Engineer: 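The following block contains the structure, expressed as C-alpha cells.
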Amino acid sequence: MRKVRYSCAMSLDGYIAGPDGEYDWIVMDPDFDFQAMSEQFDTYLLGRKTFEVTGSGAFPASSGSRTYVFSRTLRQSDYKTIPIIGENWKAVVQSLREEEGKDIWLFGGGSLFRSLAEEGLVDTVEVAIVPVLLGSGIPLIAEPATRIPLELKEHKLYQKTGTVSLVYEVREPSPGGGNA
C-alpha cells in the first residue's frame with residue numbers, strides 16, 4: 001500500500017504559511033535535494049487554499065504525476081485537467097493508497113491534514129523546521145484537532161541554513177487519547 005506523507009516546511013513557532021498564505025520565509029538549503037525528494041511521489045493532494053496560493057499551473061510537478069484538489073467550494077467544471085474532490089474524499093484517498101505507484105504527497109494544508117489524519121489516512125508527518133518565528137499564520141494542523149501520536153523515525157540538521165528535518169510515523173492512538 002502506498003503511503004500518504006504530509007511533508008512541509010514549518011516555522012519554529014508552528015506555522016506552514018504566513019497570515020496571508022505567504023511562504024517567502026522558506027529558505028531552501030543548498031544541501032537539500034528537492035529533486036530526489038520529488039521523485040518519491042507520483043500523486044499530490046492539495047487543499048483549496050494551497051492550490052489557490054501555489055497556482056493551478058504548479059501541479060502536477062512532473063510528467064506522469066497526478067494532482068487532486070480537495071474543496072467544498074471549487075467546481076470541477078472550472079478545472080478541466082485537475083480533479084476537484086468534494087464528496088467521497090475518504091474513498092478517493094483510500095483508493096489512491098491501494099493503487100500501484102509511488103508515495104502520495106499531502107502537500108497542503110493544515111485543514112486537509114487534520115481531516116485525513118483523523119480518518120487514519122496519513123502515514124508520516126515530515127516537517128522541515130525553518131529557523132524563523134512568524135508570530136501568526138496557518139498552523140501545521142488546523143484546529144480543533146484530535147491528538148495524533150507520532151514516532152520519530154529520522155532527523156537531519158542542514159548546517160548552512162539551520163533547518164532541521166524531522167520524519168515521524170503516525171502511530172495508532174491509544175485508547176482514551178482524546179483531543180489535544
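Not measured: the values here are computed from a predicted model. For the numbers below, each heavy atom of this structure counts, side chains included, while hydrogens, waters and symmetry mates do not. When a residue number appears, it is its place in the shown sequence, counting from 1.
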Engineer: Using a 4.5 Å cut-off on heavy atoms from C-beta on, say whether the side chain of Leu152 contacts that of Val167.
Structural biologist: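 Answer no - side chains too far apart.
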Engineer: Among all residues two or more places apart in sequence or in another chain, which pass the salt bridge (charged side-chain N to carboxylate O under 4.0 Å, His left out) test with Asp29?
Structural biologist: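 Residues passing salt bridge (charged side-chain N to carboxylate O under 4.0 Å, His left out) with Asp29: none at all.
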Engineer: Would a 4.5 Å heavy-atom cut-off, applied to side chains only, mark Val93 and Glu119 as touching?
Structural biologist: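 The answer is no, as the side chains (C-beta and beyond) never meet within the 4.5 Å cut-off.
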Engineer: List the residues meeting side chain to side chain donor-acceptor pair (under 3.5 Å) with Glu169, not counting sequence neighbours, and say none if there are none.
Structural biologist: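 With neighbours one apart ignored, the set is empty.
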Engineer: After noting the C-alpha distance and the side-chain angles of Val170 and Thr124, does the key distance pass the side-chain contact (heavy atoms from CB on, under 4.5 Å) rule?
Structural biologist: CA-CA 5 Å; Val170 176; Thr124 64; 5.8 Å; no
Engineer: Identify every side-chain donor-acceptor pair in residues 85-92 under 3.5 Å, counting partners at least two apart or on other chains, and give the distances.
Structural biologist:
none

Engineer: Might you point out which heavy atoms bring Ala142 and Arg114 nearest each other, and give the distance in Å?
Structural biologist: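 Closest approach of Ala142 to Arg114, heavy atoms only: O-CD, 3.3 Å.
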Engineer: Nearest heavy-atom pair of Asp42 and Gly101: which atoms, and what distance?
Structural biologist: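 Closest heavy-atom pair between Asp42 and Gly101: OD2-CA, 3.7 Å.
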Engineer: With rounding to the nearest 0.5 angstrom, report the OG1 to OH distance, Thr50 to Tyr23.
Structural biologist: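 One gets 10.0 Å once the value is rounded to the nearest 0.5 Å.
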Engineer: Using 0.5 Å steps for rounding, measure from the OH atom of Tyr44 to the OG atom of Ser38.
Structural biologist: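 The OG atom of Ser38 is 5.0 Å from OH of Tyr44, to the nearest 0.5 Å.
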Engineer: Once rounded to the nearest 0.5 Å, what's the spacing between atom OH of Tyr15 and atom CE of Met10?
Structural biologist: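 So the gap between those two atoms works out to 11.0 Å.
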Engineer: Got a sec, which residues hit side-chain contact (heavy atoms from CB on, under 4.5 Å) with Ala117, two or more places apart in sequence or on another chain?
Structural biologist: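 Ala117 satisfies side-chain contact (heavy atoms from CB on, under 4.5 Å) with Phe113, Val122, Ile148 only.
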Engineer: Using the test salt bridge (charged side-chain N to carboxylate O under 4.0 Å, His left out), find all partners of Lys80 that sit at least two apart in sequence or belong to another chain.
Structural biologist: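 Not a single residue meets the salt bridge (charged side-chain N to carboxylate O under 4.0 Å, His left out) criterion with Lys80.
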Engineer: Asp13 side chain to Leu133 main-chain N or O, any donor-acceptor pair under 3.5 Å?
Structural biologist: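 Between the backbone of Leu133 and the side chain of Asp13 there is no qualifying donor-acceptor contact (under 3.5 Å).
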Engineer: With ring centroids as reference points, do Phe107 and Phe41 lie under 6.0 angstrom apart?
Structural biologist: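 When the ring centroids of Phe107 and Phe41 are compared, they turn out to be at least 6.0 Å apart.
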Engineer: Quick check for you: to the nearest 0.5 Å, what is the distance between Ile26 atom CD1 and Ile16 atom CD1?
Structural biologist: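 Spacing of CD1 (Ile26) from CD1 (Ile16) equals 9.0 Å.
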Engineer: Does Asp20 have any side chain to side chain donor-acceptor pair (under 3.5 Å) partners at least two apart in sequence or in another chain, and if so, which?
Structural biologist: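 Side chain to side chain donor-acceptor pair (under 3.5 Å) list for Asp20, sorted by chain: empty.
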Engineer: What I'd like to find out is whether the side chain of Val127 reaches to under 4.5 Å of the side chain of Ser165, using heavy atoms alone.
Structural biologist: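 The answer is no; the side chains never approach within 4.5 Å.
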Engineer: Determine the minimum heavy-atom distance between Asp31 and Lys160, stating which atoms define it.
Structural biologist: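 Nearest heavy atoms, Asp31 then Lys160: OD1-NZ, 3.1 Å.
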Engineer: For Leu140 versus Cys8, what's the shortest heavy-atom pair and its separation?
Structural biologist: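 Scanning both residues, the minimum pair turns out to be CD1-SG, 3.6 Å.
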Engineer: With clusters defined by side-chain heavy atoms of hydrophobic residues (ILVMFWY) lying less than 4.5 Å apart, directly or transitively, does Leu150 cluster with Val164?
Structural biologist: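 Yes, it is one cluster - the side chains of Val164 and Leu150 are joined through contacts under 4.5 Å.
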Engineer: Going by salt bridge (charged side-chain N to carboxylate O under 4.0 Å, His left out), name the residues that satisfy it together with Arg72, two or more places apart in sequence or in a different chain.
Structural biologist: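 Applying salt bridge (charged side-chain N to carboxylate O under 4.0 Å, His left out) to Arg72 gives none.
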Engineer: If you look at every heavy atom in Arg66 and Tyr68, which pair is closest and at what distance?
Structural biologist: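 Reported closest heavy-atom pair: NH1-OH, 3.1 Å.
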Engineer: Can you tell me which residue pairs pass the salt bridge (charged side-chain N to carboxylate O under 4.0 Å, His left out) test with a partner in residues 121-132, sequence neighbours excluded?
Structural biologist: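 Passing the test, one end in residues 121-132: Arg5-Glu126, Arg97-Asp123.
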Engineer: So, using side-chain contact (heavy atoms from CB on, under 4.5 Å) as the criterion, who are the partners of Leu112 when residues are at least two apart?
Structural biologist: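 In terms of side-chain contact (heavy atoms from CB on, under 4.5 Å), with neighbours along the sequence ignored, Leu112 is linked to Leu45, Phe70, Leu106, Leu116.
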Engineer: Could you tell me which residues satisfy side-chain contact (heavy atoms from CB on, under 4.5 Å) with Ser71, sequence neighbours excluded, listed by chain and number?
Structural biologist: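 Partners of Ser71 under the side-chain contact (heavy atoms from CB on, under 4.5 Å) test: Arg48, Thr73, Leu74, Ile84.
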Engineer: Which heavy atom of Leu46 sits nearest a heavy atom of Phe51, and at what distance?
Structural biologist: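 So the minimum-distance heavy-atom pair works out to CD2-CA, 3.8 Å.
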Engineer: Around atom CD of Glu98, are there more than 12 heavy atoms from other residues, nucleotides or ligands closer than 6.0 Å?
Structural biologist: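 Yes - once you tally the heavy atoms of other residues, nucleotides and ligands closer than 6.0 Å, there are more than 12.
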Engineer: Filter on ring pair (Phe, Tyr, Trp, His ring centres under 6.0 Å), then keep only pairs touching residues 129-167, sequence neighbours left out; what's left?
Structural biologist: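 Counting only pairs at least two positions apart or across chains, the ring pair (Phe, Tyr, Trp, His ring centres under 6.0 Å) contacts touching residues 129-167 are Phe32-Tyr158.
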Engineer: Taking side-chain contact (heavy atoms from CB on, under 4.5 Å) as the definition, give me every residue that meets it alongside Glu100, ordered by chain and number, with sequence neighbours left out.
Structural biologist: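 By the side-chain contact (heavy atoms from CB on, under 4.5 Å) rule, Glu100 matches no residue at all.
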Engineer: Determine whether a donor-acceptor pair (N or O, by modelled atom type, separation under 3.5 Å) exists between the side chain of Gln76 and the backbone of Tyr79.
Structural biologist: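 Such a contact is found between Gln76 side chain and Tyr79 backbone.
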